[in-house]
Number of protein chains: 2
Amino acid sequence: MRLSTRGHYGLKAMYDLARHYGAGPIPLKNVAARQNISGYYLEQLIAVLRKGGLVKSVRGAQGGYVLARPPDEIRVGDIIRILEGPIAPVECVSEIRTAECDQADRCITRTVWEKVRDSITQVMDSISLADMCREEERSRQNRE
Amino acid sequence: MRLSTRGHYGLKAMYDLARHYGAGPIPLKNVAARQNISGYYLEQLIAVLRKGGLVKSVRGAQGGYVLARPPDEIRVGDIIRILEGPIAPVECVSEIRTAECDQADRCITRTVWEKVRDSITQVMDSISLADMCREEERSRQNRE
DNA sequence: TTGAAAACCGAGTAATATAGTAGGAATTTT
DNA sequence: AAAATTCCTACTATATTACTCGGTTTTCAA
């Protein structure tokens, strides 16, 4: 019951971009260094996020990446769906295109996975990058 | 964000045993046939469940498997934890104490995964095999 | 106008996990 | 004795993961 590092690193990177939102394009190298992720690897992940429309790139020197929308309009679920595909604890209850299960509607285990899926999406879709930034702010103040 | 077939098949098998609880040992062959799972493969999964204390085996002819506890005392979470390990969307928020995260407590993405994990466990630990049997009964009556 | 900084692209790779398959030994009932 | 069944170990093909790497293109800034 695991996410791969794709989703894990992807959220870290997007959160990093959110924290620097408004400061112009952020070079990936900086993101990778701050979040302690392989730069080469992150390059591949950000390409997927760009094609998915979550970030925009600025090429050339002084270039980098910027969130395509403000932090309060990007939710964790958006990121995970793009990097890991539709949320589905088992393939027969995928958010997208339900592969026809042989047992069809008399499969009771299916309803269990639907409940699990719904609880995951409920959490992921309720948290935006802006929420995460606010939470960081709060916990930073607590430490002082 | 997927379970492997281990958890998927494992729950099916356990549910099958729950439906036949009280009818003596059920041969694995029957479970595999009814649930449409490879018998060879299921053999490996049931061995894990047995070592995990969720089923008991009766060897020899007319033997088979029986739930180790009544269906209302076995929850989905018990089965998944044994077959797939501790529930953890990412390894740094495993239910079981594992690797230290370098960022420790100032990692905000961590709190997201903790919320996801808690919502998954909340669902899985609230559904017992007995609940599933009751739900089956209800949906069977609806079809009539 | 040149050099450096960056995104972009595609290929390769070692390790691990997945989803089985298979054969045979041990145990128990009929 | 035969049949049914669990139990145990090993094998395998495929896919995924988490990278690494080399090179190309674009753009800015001195």
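Computation of the quantities below employed the complete heavy-atom set of this structure, encompassing side-chain atoms and omitting hydrogens, waters and symmetry-equivalent molecules. The chains referred to below are lettered A, B, ... by the order of the sequence lines, with proteins before strands, and numbering in each begins at 1.
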Just by protein heavy atoms under 4.0 Å, how would nucleotides 17-30 of chain D read 5' to 3' in B, S and -? -BBBB---BBBBS-

Please determine if B:Glu114 and B:Arg117 form a salt bridge, counting it only when a charged side-chain N lies under 4.0 Å from a carboxylate O.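 No, B:Glu114 and B:Arg117 are not salt-bridged.
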
Are B:Arg19 and B:Asp16 close enough for a salt bridge, meaning some N to O gap below 4.0 Å?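 B:Asp16 and B:Arg19: not salt-bridged.
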
May I ask you to decide if [Y]'s main-chain N or O and [X]'s side chain share a donor-acceptor pair within less than 3.5 Å?
| X | Y | result |
| --- | --- | --- |
| A:Glu84 | A:Ser4 | yes |
| B:Ser57 | B:Arg59 | no |
| A:Arg81 | A:Ile87 | no |

Look at the side-chain heavy atoms of Ile, Leu, Val, Met, Phe, Trp and Tyr, link any pair under 4.5 Å apart, and say whether A:Val58 and A:Tyr65 land in one connected group.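 Looking at the clustering, A:Tyr65 is in a separate group from A:Val58.
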
How would you list, by chain and number, every residue that makes a ring pair (Phe, Tyr, Trp, His ring centres under 6.0 Å) with B:Tyr9, sequence neighbours excluded?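 With neighbours one apart ignored, the set is B:Tyr41.
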
Could you state the CG-C1' distance from B:Leu42 to D:dT5, rounded to the nearest angstrom?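 Computing the B:Leu42:CG to D:dT5:C1' distance gives 14 Å.
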
Below 4.0 angstrom, which residues in residues 46-53 of chain B have at least one non-hydrogen atom near DNA chain C?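 Going residue by residue through residues 46-53 of chain B, none turns out to have a heavy atom under 4.0 Å of DNA chain C.
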
Pairs where residues 115-144 of chain A contributes a residue and the test ring pair (Phe, Tyr, Trp, His ring centres under 6.0 Å) is met, not counting sequence neighbours: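 Listed by first then second residue: nothing to list.
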
Contacts of B:Arg134 that satisfy side-chain hydrogen bond (donor to acceptor under 3.5 Å, both in side chains) - sequence neighbours left out: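 Applying side-chain hydrogen bond (donor to acceptor under 3.5 Å, both in side chains) to B:Arg134 gives B:Asp131.
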
Going 5' to 3' on DNA chain C, which nucleotide is the first and which the last to come under 4.0 Å of a heavy atom in chain B?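 Endpoints of the contacted stretch of DNA chain C: C:dA19 to C:dT30.
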
A:Arg75 and A:Asp78: salt bridge (charged side-chain N to carboxylate O under 4.0 Å, His left out), yes or no, with the steps? CA-CA 5 Å; A:Arg75 291 147 302 156; A:Asp78 300 331; 3.0 Å; yes

Below 4.0 Å: OP1/OP2 of D:dA4 and any side-chain N or O of B:Lys29: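 For D:dA4, neither OP1 nor OP2 has a side-chain N or O of B:Lys29 closer than 4.0 Å.
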
